[in-house]
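Working notes, beginning with the structure itself.
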4 protein chains.
Amino acid sequence: MKQKSDKRRQEIITAAMNFFAEKGYHSTKISDISNKLNMAHGTFYIYFQSKAEIFSDIVEQYIKKLDQIFISVPYKAANISEFKNFVQTLGDEIFNLIVEDQKMAQIIFSQGANTDKKLKKKIVELMNKMDQLIESILIEGINRKFLVASMDTEIVAKAFRGMLVAGINDVAMNEISMERKERWINSILRIGLDGLV
Amino acid sequence: MKQKSDKRRQEIITAAMNFFAEKGYHSTKISDISNKLNMAHGTFYIYFQSKAEIFSDIVEQYIKKLDQIFISVPYKAANISEFKNFVQTLGDEIFNLIVEDQKMAQIIFSQGANTDKKLKKKIVELMNKMDQLIESILIEGINRKFLVASMDTEIVAKAFRGMLVAGINDVAMNEISMERKERWINSILRIGLDGLV
Amino acid sequence: MKQKSDKRRQEIITAAMNFFAEKGYHSTKISDISNKLNMAHGTFYIYFQSKAEIFSDIVEQYIKKLDQIFISVPYKAANISEFKNFVQTLGDEIFNLIVEDQKMAQIIFSQGANTDKKLKKKIVELMNKMDQLIESILIEGINRKFLVASMDTEIVAKAFRGMLVAGINDVAMNEISMERKERWINSILRIGLDGLV
Amino acid sequence: MKQKSDKRRQEIITAAMNFFAEKGYHSTKISDISNKLNMAHGTFYIYFQSKAEIFSDIVEQYIKKLDQIFISVPYKAANISEFKNFVQTLGDEIFNLIVEDQKMAQIIFSQGANTDKKLKKKIVELMNKMDQLIESILIEGINRKFLVASMDTEIVAKAFRGMLVAGINDVAMNEISMERKERWINSILRIGLDGLV
DNA sequence: CATGAATGAGGCTTCATTCAT
DNA sequence: AATGAATGAAGCCTCATTCAT
């Protein structure tokens, strides 16, 4: 009956994600979740040890997925054109993830920081990891002479992550249209490549 | 009496801000605040109607300050050099505000969204206002031919707001050094003007 | 089938005893028992109607055993020497029971009283029965002139039961060594026969 | 208002003691206590951090009192008569304590062992301390030649503690009559001095 | 204005017991 | 006989808010 059990577990996760995304962690009651699924609240505790645990699980799942993207997109950049493609693909993948897991994105990016300290830390870690990955791309670009050497890579990396997060939120809050996603990717790339002037 | 009363009110706000910034809205108890100030719990309710109210007050106060900046910085941009100066001054002022009210920045930018719906809405409003103000600057720049006409101003405005927020958080989290602030302003301006290539 | 069924029933009792002895009645969960035996929770209820029932069963089983001892040890006391032998044999048997069912002893003597009223009552009954049996031995001894007539048999019986219980606990708590058991029997007899002076 | 506050605290302790003594720790609900005192259950938590804490407090208070007795009774035993007096006084004081705090005695001596591990440990410690104190009296008596040297002081001390505990329980369970108390003291002393033969 | 004891709605969690398979 | 998911009564505890002093 593992199958059935897993299905129920997933139902709970889905319901929980919706509530977390909509009302935030603290305003979401276990009873919201159990009522939504027409089950006794005790049932929740068969699948999760606590409310904190399910939140933690959800966030962790998402962090792994994001991590995966940075790992899986092949870094090929023999020339500037390939470098641009790489960056574009990366952006694409990240936005696609959000399209898939819109609720999760909202949970993590629009309210992450203010629950338990442990989770806050986890989310800060995620941000730091994104910063590092972006910075490594910048440095690579500088070494290959695709990017200007004079930039402050630490800050610029964070700035781009900031844009990314804003984009994620924006796309997640607007019923997620592909068209909007494209606009974000194009704009960010454009800013990166040419600036606004 | 008014004087003394106002002083006490401000003390409560300051204490509350510190706790909100550190522990988040839900984890901050009225007793945290009253204990910190060595006053009875009941006293809090002489100055504020509820916990939600003080949070709301704090955020609103901050929104006004931010608003003030956009209003007060004189918009003079007869030529591109003046335009650059204007943008730089604006950035300077915004970061200065954060230096002054570090705790508030943390409250609003790193954990604002996940409290009550009303508050969430208010913070979204703040973001939207920033977007609008930034977009108006972009449009002005385009009209004056300082900026390229082909950009997607709506998205670009949000992207820059994203950078700004990332910068605010970064500066707020790092004991606020002037030097770091300068690095952010320079980097953002540089990105806007020249891109990374 | 009966055979197998009985075996399973006994396994449950054994597991339950261990947990009751270790954690007490209230802290022992049905799931502790079923997990220990690698069976489903529901299975427990095939063999016992409730948690209270199994506890009751365990205690009752023990009471019967104790009872049995008092019945089975032949009361021969034609002279003081035989009387001493009788008392010694009795003590021996009682301590032997504890050696066999160490866990039960712990359950009953060191934590029995604080569960349900019904159970408490049962344990008080056990104590009372012990008191009566001891008192009857005392009275017999007095009648035969082996013991001094002036004693307060009711109280003295309870006092000796108190020693017995202390001894049971002590032996049960100390990995049950035969040597320690002997020390207890000797000391109690010695106290009874000669006092400490 | 410390006064008033202390009064309420004491009321809660008294009510709690009664319920603990009657129903045991686990069967006593916070609502039993608050209902009894016609107060909201939340009020309980103004005075005590948790149910475990109040129980712990009660036990600890009692342990201290018992401890105090052993400390306060002056040990004078120049001759056997004084030694007897000393022992008698000690017994008297201990039983008097029980007369005063009948409920506490029941809590500690008839059900102590089976709540939290911490408390169990505390009660075992109490017993051990009693054992040590009694043993020290025995050894003192032996050194002074008031008592026979051949006894097994460790075991005998525990045996007498066992009698004491049985007496405490018995007196506590029987509406506490002075007369019964006297019978116990006399019987225990008599056993100790002369044995039963 | 200040106090702080009191309130009680409401949340989280546990676990004995049931029952459809 | 056995299973184990589901149930839900019941308990512990929190904390924003009130109010008599």
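Quick note on labels: first sequence line is chain A, next is B, and so on, each numbered from 1. Note that the coordinates shown come from a computational prediction; the quantities given were computed from them, not determined experimentally.
Counting only residues at least two apart or in different chains, salt bridge (Lys or Arg N to Asp or Glu O under 4.0 Å) contacts with residues 37-63 of chain A comprise A:R9-A:D57, A:E60-A:K122.
Side chain of C:T14 to main chain of C:Q10: a donor-acceptor pair is present (N/O by atom type, distance under 3.5 Å, no hydrogens or angles). With hydrogens and angles ignored, the 3.5 Å screen pairs no side-chain donor or acceptor of A:N38 with any backbone N or O of A:S34. Judged purely by atom type and a 3.5 angstrom limit, B:T28 has no side-chain atom pairing as donor or acceptor with the backbone of B:K23. Checked by atom type and distance alone, the side chain of C:N35 never pairs as donor or acceptor with a backbone atom of C:D32 at under 3.5 Å.
Atom CG of A:L37 and atom P of F:dT7 are 10 Å apart (whole Å). Rounded to whole Å, atom C1' of F:dC13 lies 13 Å from atom CD of D:E53. As a whole-Å value, the separation of B:I12 CD1 from E:dT3 C1' is 14 Å. In this structure, B:I46 places its CD1 atom 12 Å from P of E:dG4, rounding to the nearest Å. In this structure, the CD atom of A:E11 is 14 Å from the P atom of F:dA5, given to the nearest Å. The interatomic distance linking A:N38 (CG) with F:dG8 (C1') rounds to 15 Å, in whole Å. Residue C:R9 contributes atom CZ, which lies 12 Å from atom P of F:dA1 at whole-angstrom precision. As rounded to whole Å, 13 Å separates atom P of F:dC15 from atom CZ of B:F19.
For the pair A:T43 and F:dA5, the criterion of a side-chain N or O lying under 4.0 Å from OP1 or OP2 is not met. C:Y47 has a side-chain polar atom (N or O) that falls below the 4.0 Å cut-off from OP1 or OP2 of F:dA2.
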Q | B/S/- contact track for nucleotides 16-21 of chain E, protein heavy atom under 4.0 Å | A | SBB---

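Under the side chain to side chain donor-acceptor pair (under 3.5 Å) criterion, A:E11 pairs with A:R8, not counting sequence neighbours. D:F44 is linked by a ring pair (Phe, Tyr, Trp, His ring centres under 6.0 Å) to D:F48, counting only residues two or more places apart in sequence or in another chain. Considering only residues two or more places apart in sequence or on other chains, D:K36 meets the side chain to side chain donor-acceptor pair (under 3.5 Å) condition with none of them.
Of the candidate nucleotides E:dC1, F:dA6, E:dT7, F:dA6 has the atom lying nearest to any side-chain atom of A:R8.
Comparing the C1' positions of E:dC1 and F:dT21 gives an interatomic distance of 13 Å, to the nearest angstrom.
If you take CD1 on B:I54 and CD1 on B:I33, they are separated by 5.0 Å, rounding to the nearest 0.5 Å.
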Q: With pairs defined as Watson-Crick or G-U wobble and both distances under 3.5 angstrom, please note down DNA chain F as a dot-bracket string, | for pairing with another strand.
A: .||||||||||||||||||||

